[in-house]
Amino acid sequence: ELSDKVSEALGGPIKNAKDASSKDPSNAALHQQVISLLDPLIQSSAPNTYDREVLVVEKAQELMAMSKNVDAIPSLEEGLHITDQFHYFDDATTLEMVLTLAQIYGQEGQNSKSVEQQREFYAKAYNYVRRYLDQSKTPNADMEQFAASILLQQASLNPNKVDIGLVKQAQVEIEKGMRISVAPKVQFYELLLSALQQEGDFKHSADVLERLVQITPNTKTYWQPLVATYIQLASDGEN
C-alpha cells in the first residue's frame, strides 16, 4: 500500500493538477506542475518501495505527455527495475513498460545523428522488444517485425561494413513473424528482401521479389529490382 503522505498527495494536489492537464493536454506548463509536485515526493521516498514505484511511473507518464520521451527513460527504467525485484505491478503492466521503453529507444535511435548513440539505442530497443516477445503469452507478428527492423537498422549503421551477424539475426525474427502470420504483410517480405540483399543472396532475393510482384501486381516498385536481380544472377552464371 502507499504511505499516507503519498496517498494524500496523489488523491489531492497531484490529482487536481492532473485533472487540469487532462483538460488541456498540450499545455506543457500544466504537466510540469504535476512533475513539480511529484519530484519532492520521489526524492523523499525510500528506494525500492511501492511509493517510489508509483511516483516514478507517474513522472514518466507526465514527461511522455509532454513529448519528452528521452527524459522519461530514467524514470521508466527505475520503475521497471523496482517491479522486476518486488513485483509491485502485474505482468501486463510490466510488459507495457517494457514495450514503451522498446518503442522510445527505437524512435530515438532513428532520430539521433550520432552513430554511437544510435548503436546504443537500437541495442536497448532490441533487448526490450525481445524481452516483450519472450514474456508475452501470445505471439505478436507486429513486434517480430519491429524487432527485425531494429536489427536491420543497427546492422547498417556503418555503410562501409554491414554487420552480417545482425542481418542474419534479423532474418530469424522475420521468419518467426511470417510463420505466425496467416497472411504475412508486405513489410515482412520487404524486410526479408533487405536482409537477403545485404547477405548477397540474389537467388532467394529473386524469389521474394517474385512473391512481392504476385501480392501487389498493380505496383511497379518491385519490377525493376526483379529484373536487376535476374541480370545479376545471369552474370554470376546461376540458373
*Sorted by first residue and then second, give each ring-ring contact (aromatic ring centres under 6.0 Å, His included) pair with at least one member in residues 21-76; sequence neighbours left out.*
Tyr50-Tyr88
_With no hydrogens and no angle check, just 3.5 Å: does a side-chain donor-acceptor pair link Ser149 and Gln187?_
no
*Distance-only side-chain donor-acceptor flag, Gln103 / Tyr132, under 3.5 Å*: no
*Flag side-chain contact, heavy atom, 4.5 Å: Leu226 against Leu212*: no
*Are the side chains of Glu58 and Val34 in touch, meaning some heavy atoms are under 4.5 Å apart?*
no
*Can you find a pair of side-chain heavy atoms, one from Asp142 and one from Lys185, that are under 4.5 Å apart?*
yes
*Residue from Lys168, Glu173, Glu175 passing side chain to side chain donor-acceptor pair (under 3.5 Å) with Gln171*: Glu175
*Closest approach of Pro225 to Thr221 (non-hydrogen atoms, all atoms of both residues)*: CD-O, 3.3 Å
*Would you say Thr83's side chain and Leu80's backbone share a donor-acceptor pair under 3.5 angstrom?*
no
_Starting from Leu209, can I reach Val227 by hopping between I/L/V/M/F/W/Y residues whose side chains sit under 4.5 Å apart?_
no
*What's the spacing between Ser205 OG and Leu192 CG if we round to 0.5 Å?*
8.0 Å
*Examine Leu133 and Met178 and state if one hydrophobic cluster contains both, with Ile, Leu, Val, Met, Phe, Trp and Tyr joined whenever side-chain heavy atoms are less than 4.5 Å apart.*
no
*Which heavy-atom pair separates Leu41 from Lys5 by the least distance, and what is that distance?*
CD2-CE, 3.7 Å
*Distance from Lys203 atom NZ to Tyr230 atom OH, nearest 0.5 Å?*
10.5 Å
*Give the cluster check for Trp223 versus Leu196: same hydrophobic cluster or not, with ILVMFWY residues linked at side-chain heavy-atom distances below 4.5 Å.*
yes
*Residue Asp39 excluded, over 12 heavy atoms near CG under 6.0 Å*: yes
_Is there a side chain to side chain contact (heavy atoms under 4.5 Å, CB included) between Leu2 and Leu10? Walk through the geometry before answering._
CA-CA 10 Å; Leu2 292 169; Leu10 288 172; 3.7 Å; yes
*asked:* Can you give me the closest heavy-atom contact between Gly79 and Val57, atom names plus distance?
replied: CA-CG2, 4.4 Å
*Closest non-hydrogen atom pair between Leu157 and Tyr122, with its separation*: CD2-CE1, 4.1 Å
_Steps toward side chain to side chain contact (heavy atoms under 4.5 Å, CB included) verdict (Lys176, Ile180)_ = CA-CA 7 Å; Lys176 283 181 185 176; Ile180 63 176; over 6 Å; no
*Test Asp51 against every option in Ser3, Ser7, Ser45, Ser44 by the side chain to side chain donor-acceptor pair (under 3.5 Å) rule and name the one that passes.*
Ser3
_For the CG atom of Leu30 and the CG atom of Asp19, what is their distance to the nearest 0.5 Å?_
11.5 Å
*Decide yes or no for Gln169 and Tyr126: does some side-chain heavy atom of the first lie under 4.5 Å from some side-chain heavy atom of the second?*
yes
*Looking at side-chain heavy atoms only, is the closest gap between Phe89 and Met97 below 4.5 Å?*
yes
*Going through the checks in order, is the side chain to side chain contact (heavy atoms under 4.5 Å, CB included) test met by Leu95 and Gln135?*
CA-CA 8 Å; Leu95 276 180; Gln135 295 181 354; 3.8 Å; yes
*Locate the shortest heavy-atom distance separating Ser181 from Phe188; write the atom from each residue and the value.*
OG-CE1, 3.9 Å
*State, yes or no, whether a side-chain contact exists between Arg52 and Asn48 at a heavy-atom distance under 4.5 Å.*
no
*Return the set of residues passing side-chain contact (heavy atoms from CB on, under 4.5 Å) with Glu8 (not counting sequence neighbours), or none when no residue passes.*
Asp4
*Looking just at side-chain N and O atoms, do Ser36 and Gln32 make a donor-acceptor pair shorter than 3.5 Å?*
no
*Ion pair present between Asp84 and Arg131, side-chain N to carboxylate O less than 4.0 angstrom?*
yes
_Name of the residue among Gln107, Glu120, Gln118 meeting side chain to side chain contact (heavy atoms under 4.5 Å, CB included) with Ser112_ = Gln118
*asked:* For a quick test of reading the model, state the closest non-hydrogen atom pair linking Val129 to Met143 and the distance between them.
replied: CG2-O, 3.9 Å
_Side-chain donor or acceptor of Ser75 paired with backbone N/O of Ala72 under 3.5 Å_ = no
*asked:* For a salt bridge (charged side-chain N to carboxylate O under 4.0 Å, His left out) check, start with the C-alpha distance between Glu116 and Arg119, then their side-chain angles and the critical distance, and finish with the verdict.
replied: CA-CA 5 Å; Glu116 287 305 313; Arg119 185 172 287 110; 2.9 Å; yes
*Residues sharing Met66's hydrophobic cluster, by side-chain heavy-atom contacts under 4.5 Å among ILVMFWY, directly or via others?*
Ile35, Leu63
*Could you check if a side-chain atom of Ile174 sits within less than 4.5 angstrom of a side-chain atom of Glu190, using non-hydrogen atoms only?*
no
*Please examine the side chains of Tyr128 and Thr100, heavy atoms only from C-beta on, and report whether any two atoms are closer than 4.5 Å.*
no
*Report the distance from atom CG of Leu76 to atom CD of Gln61, rounding to the nearest 0.5 Å.*
8.0 Å
_Test side chain to side chain donor-acceptor pair (under 3.5 Å) on His204 and Asp201; report intermediate values, then the result._
CA-CA 6 Å; His204 287 105; Asp201 188 342; 2.8 Å; yes
*Taking atom CD of Glu1 as the centre, does the number of heavy atoms from other residues, nucleotides or ligands within less than 6.0 Å exceed 12?*
no
*Salt bridge check: are Asp134 and Arg130 linked by an N-O gap of less than 4.0 Å?*
yes
*Which distance, rounded to the nearest 0.5 Å, do you find between the CD of Glu210 and the OG1 of Thr229?*
9.5 Å
*Check the hydrophobic clustering (I, L, V, M, F, W, Y; side-chain heavy atoms under 4.5 Å; chains of links allowed) and say if Phe146 and Leu193 are grouped together.*
no
_side chain to side chain contact (heavy atoms under 4.5 Å, CB included) evaluation trace for Ile73 with Tyr105_ = CA-CA 9 Å; Ile73 288 174; Tyr105 274 121; 3.2 Å; yes
_Working to the nearest 0.5 angstrom, can you tell me the gap between Leu37 CG and Lys59 NZ?_
12.0 Å
*With the 4.5 Å side-chain cut-off for hydrophobic clustering, are Tyr222 and Ile215 part of the same group?*
yes
*For Gln85 and His81, does a side-chain donor sit closer than 3.5 Å to a side-chain acceptor?*
yes
*asked:* I'd like to know if the side chain of Asp90 pairs up with that of Thr93 as donor and acceptor (distance under 3.5 Å, no hydrogens or angles considered).
replied: yes
